[in-house]
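Naming: A, B, ... by sequence-line order, numbering from 1 per chain. Values in this document were obtained by computation on a predicted structure and should not be read as measured data.
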Amino acid sequence: MKLSQYPLYVQSALFAVVLAIAGYLLITLLNPPLEPALMFALGLLLGGFCAPLLIRPASPDEIPTTTLYVGNLPYRANEASVRALFETFGQVLSVRLMKDKQTGKRRGFGFVEMPKDAAQAALQALNDSEFQQRTLKVREANERKEEDNEERQEPS
DNA sequence: ATTGAGCGT
């Protein structure tokens with residue numbers, strides 16, 4: 001259980017309390033004209049505002065990840081079977097089988113998110129491979145919106 | 001329910 005697992009406001013609150021206690025202790029040691037309670041409150045405020053800047057948001061992109069487009073899937077295939085298939089090549093962070101908004105039926109394609117190296121291995125191995133009587137198409141997904149975990153394209 | 005190239009709340 002890491003601290004980064006918790007929501008940012010929890011981290012901020014913790015950070016603020018620590019600052020507040022530190023301010024309280026400091027003010028107690030120095031014994032200045034300021035009220036210890038006031039120093040505690042100032043520490044809370046300062047910590048509350050600074051914590052979001054100092055604490056990095058919970059980072060799901062510690063591992064560089066790649067999203068694969070998987071097409072030509074059988075309509076019967078469920079998320080679990082697709083995940084199991086790709087997990088033979090590494091960790092699977094997410095599987096999204098696209099369904100029709102109205103009917104809820106699967107559209108025959110989806111997206112699998114894996115670590116970069118595992119994704120490449122899965123792409124090479126599973127593209128044009130047979131899966132439940134269908135020949136899969138595995139490509140690198142076209143990022144739809146600017147995602148947080150895309151590699152910087154080096155200017156060549 | 002059905003279908004068969006496709007790039008997503």
Nearest-nucleotide 5' precedence on DNA chain B, A:M98 against A:R134 = A:R134
Side chain to side chain contact (heavy atoms under 4.5 Å, CB included) against A:S94, all qualifying residues, sequence neighbours excluded | A:E113
Give the rounded distance in Å between these two atoms: CZ of A:R107 and C1' of B:dG4.
-> 12 Å
Calculate the interatomic distance between A:R106 atom CZ and B:dT9 atom P; express it in whole Å.
-> 16 Å
What residues, two or more places apart in sequence or in another chain, satisfy salt bridge (charged side-chain N to carboxylate O under 4.0 Å, His left out) together with A:R83?
-> A:E87
Mapping A:G108 and A:K99 onto DNA chain B by nearest heavy atom, which one lands closer to the 5' end?
-> A:G108
Gap between atoms CZ and P, on A:R76 and B:dA1 respectively (whole Å) | 13 Å
Among the nucleotides B:dT2, B:dG8, B:dG4, which one has an atom lying closest to any side-chain atom of A:K105?
-> B:dT2
Looking at residues at least two apart in the chain, or sitting in another chain, which of them share a salt bridge (charged side-chain N to carboxylate O under 4.0 Å, His left out) with A:E140?
-> none
Using whole Å, report how far CZ of A:F109 lies from C1' of B:dA5.
-> 10 Å
Does A:Q133 have any side chain to side chain donor-acceptor pair (under 3.5 Å) partners at least two apart in sequence or in another chain, and if so, which?
-> none
Residue A:R139, side-chain heavy atoms: nucleotide from B:dG6, B:dG8, B:dC7 that is nearest = B:dC7
Per the under-4.0 Å heavy-atom filter, residues of residues 122-131 of chain A near DNA chain B come out as none
Atom pair distance, as rounded to whole Å: CZ in A:R96 and P in B:dT9 = 8 Å
Sequence neighbours excluded, which residues qualify as side chain to side chain contact (heavy atoms under 4.5 Å, CB included) partners of A:R139?
-> A:Y69, A:N127, A:K137
Please report, rounded to the nearest Å, how far the P atom of B:dG8 is from the CG atom of A:L93.
-> 21 Å
Separation of A:L136 atom CG from B:dG6 atom C1', in whole Å?
-> 14 Å
d(CG, A:L73; C1', B:dG8) in whole Å = 13 Å
Please answer whether the main-chain N or O of A:K105 pairs with a side-chain N or O of A:D100 as donor and acceptor at a distance below 3.5 Å.
-> no
Phosphate OP1/OP2 of B:dC7: any A:R144 side-chain N/O under 4.0 Å | no
Listed nucleotide nearest any side-chain atom of A:F111, set B:dT9, B:dC7, B:dG6 | B:dC7
Measure distances between side-chain N and O atoms of A:Y75 and base N and O atoms of B:dA5, and say whether any donor-acceptor pair falls under 3.5 Å.
-> yes
Describe the nucleic acid contact of A:L97 in one word from base, sugar-phosphate, nothing, applying a heavy-atom distance below 4.0 Å.
-> nothing
Any side-chain heavy atom of A:V112 sitting closer than 4.5 Å to one from A:T67?
-> no
Quick note, A:K101 side chain, CB onward, closest among B:dG6, B:dT9, B:dG4 is B:dT9
